[in-house]
Colleague: 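Below are the structure tokens for one structure; questions will follow.
Model, not experiment: these values are computed from the prediction. Letters go in sequence order (proteins before strands), and every chain restarts at 1.
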Number of protein chains: 2
Amino acid sequence: MTIEPELCKVEDALGILVGKWKPIILLHLMKNGTQRFSELKRSVLGITQKMLTKQLRELEDEDIIERVVYPQVPPKVEYSITEYGKSLEPILAAMHEWGTNHTIHKQQKLMKKTTEQSS
Amino acid sequence: MTIEPELCKVEDALGILVGKWKPIILLHLMKNGTQRFSELKRSVLGITQKMLTKQLRELEDEDIIERVVYPQVPPKVEYSITEYGKSLEPILAAMHEWGTNHTIHKQQKLMKKTTEQSS
DNA sequence: CCGCATCCTAACTGATACTG
DNA sequence: CAGTATCAGTTAGGATGCGG
């Protein structure tokens with residue numbers, strides 16, 4: 001590989017995924033397609049309105065998601081992944097796979113430690 | 001793709017890369033191999049001893065890097081990527097590539113905006 | 001040389017109440 | 001319904017000094 005650390009753009013990509021709820025919001029939109037604000041709020045368990053709004057704005061600013069407002073009463077706002085945003089899918093998939101494996105790795109490490117102590 | 005958001009492990013992987021200096025530390029170790037603490041300190045411009053120590057500990061706790069202490073005076077401590085840690089390389093590479101492209105994407109967006117305003 | 005401890009600030013996150 | 005505003009708690013990051 002050998003990325004020149006001085007020219008590293010990893011942080012730029014990282015910055016977009018970071019935020020306590022961003023990956024899960026993206027996954028919901030990727031899985032279910034267009035979603036209303038309230039649908040997302042229900043889907044992303046535990047998130048507050050304020051946080052959902054904030055994270056959506058940040059993703060929108062990076063062109064990862066699109067926001068469509070229907071001028072009606074009551075208001076209706078729909079969010080969806082942009083074509084550009086879809087380019088993040090392979091990265092999310094890779095991280096999910098690595099993360100899944102890492103969970104196993106940590107469990108094995110823990111079991112080994114426990115075994116050693118009990119012997 | 002379709003990762004079940006409820007079973008999402010993206011955050012686990014993300015947590016390991018997050019930290020203002022972790023990606024760059026990893027890239028230095030991946031590029032240059034084993035490095036002493038002081039070498040890393042010199043390489044990672046602007047980092048404080050405290051932060052370098054902290055980030056290295058966190059990476060060590062996840063088995064991404066290995067820490068070898070030589071019991072001598074003055075002390076000598078070497079850090080290197082573990083075999084397991086190398087499995088992160090493809091992800092870093094993918095993120096770097098995406099980040100590089102995203103930088104271009106943002107510049108184009110900015111230029112378009114500027115053009116529209118001047119017209 | 002390496003790293004810990006302390007103090008400090010800014011940013012992030014959350015609970016809650018209010019508005020068109 | 002989809003936000004905004006305010007306040008309070010938590011955490012990340014940085015400056016500095018001490019110690020083996």
Colleague: Test B:E4 against A:K31 for salt bridge (charged side-chain N to carboxylate O under 4.0 Å, His left out), laying out the working first.
Modeller: CA-CA 8 Å; B:E4 290 302 318; A:K31 186 189 174 195; 2.8 Å; yes
Colleague: Using whole Å, what does the distance between atom C1' of nucleotide D:dG20 and atom CD of B:Q72 come to?
Modeller: 14 Å
Colleague: Could you give the CD1-to-C1' distance, from B:I25 to D:dG13, as a whole number of Å?
Modeller: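 Spelled out: CD1 on B:I25 to C1' on D:dG13 is 13 Å.
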Colleague: Atom NZ of B:K54 and atom P of C:dA5: how far apart are they, to the nearest Å?
Modeller: 14 Å
Colleague: Quick check: are there more than 12 heavy atoms from other residues, nucleotides or ligands sitting under 6.0 Å from CD of B:E6?
Modeller: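 Counting other residues, nucleotides and ligands, CD of B:E6 exceeds 12 neighbours.
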Colleague: Is the shortest side-chain N/O distance from A:R57 to OP1 or OP2 of D:dG3 below 4.0 Å?
Modeller: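 A:R57 to D:dG3 OP1/OP2: side-chain N or O found under 4.0 Å.
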Colleague: Contacts to DNA chain C from residues 27-50 of chain A, heavy-atom cutoff under 4.0 Å, which residues?
Modeller: A:T48, A:K50
Colleague: Please report, rounded to the nearest Å, how far the P atom of D:dG14 is from the CG atom of B:L52.
Modeller: 12 Å
Colleague: Using a cut-off of 4.0 Å on non-hydrogen atoms, how would the nucleic acid contact of A:P74 be classed: base, sugar-phosphate, or nothing?
Modeller: sugar-phosphate
Colleague: Applying a 4.0 Å non-hydrogen cut-off, can you work out what A:Y79 is touching in the nucleic acid: base, sugar-phosphate, or nothing?
Modeller: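 Answer is sugar-phosphate: A:Y79 comes under 4.0 Å of backbone atoms only.
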Colleague: Identify, between A:P75 and B:V77, the residue whose nearest nucleotide on DNA chain C lies closer to the 5' end.
Modeller: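 Result of the comparison: B:V77.
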Colleague: Rounded to the nearest Å, what distance is computed from the CE atom of residue A:M51 to the C1' atom of nucleotide D:dT10?
Modeller: 13 Å
Colleague: Does the side chain of A:K20 get closer than 4.0 angstrom to OP1 or OP2 of C:dG14 through an N or O atom?
Modeller: yes
Colleague: Can you check the B:K22 NZ to D:dG13 C1' distance for me, whole Å?
Modeller: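 Roughly 12 Å, once rounded to whole Å.
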Colleague: Does CD in B:E60 sit with more than 12 non-hydrogen atoms of other residues, nucleotides or ligands closer than 6.0 Å?
Modeller: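 More than 12 heavy atoms, drawn from other residues, nucleotides or ligands, come within 6.0 Å of this atom.
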Colleague: Quick check on C:dC12: is either OP1 or OP2 less than 4.0 Å from any side-chain nitrogen or oxygen of A:W21?
Modeller: no
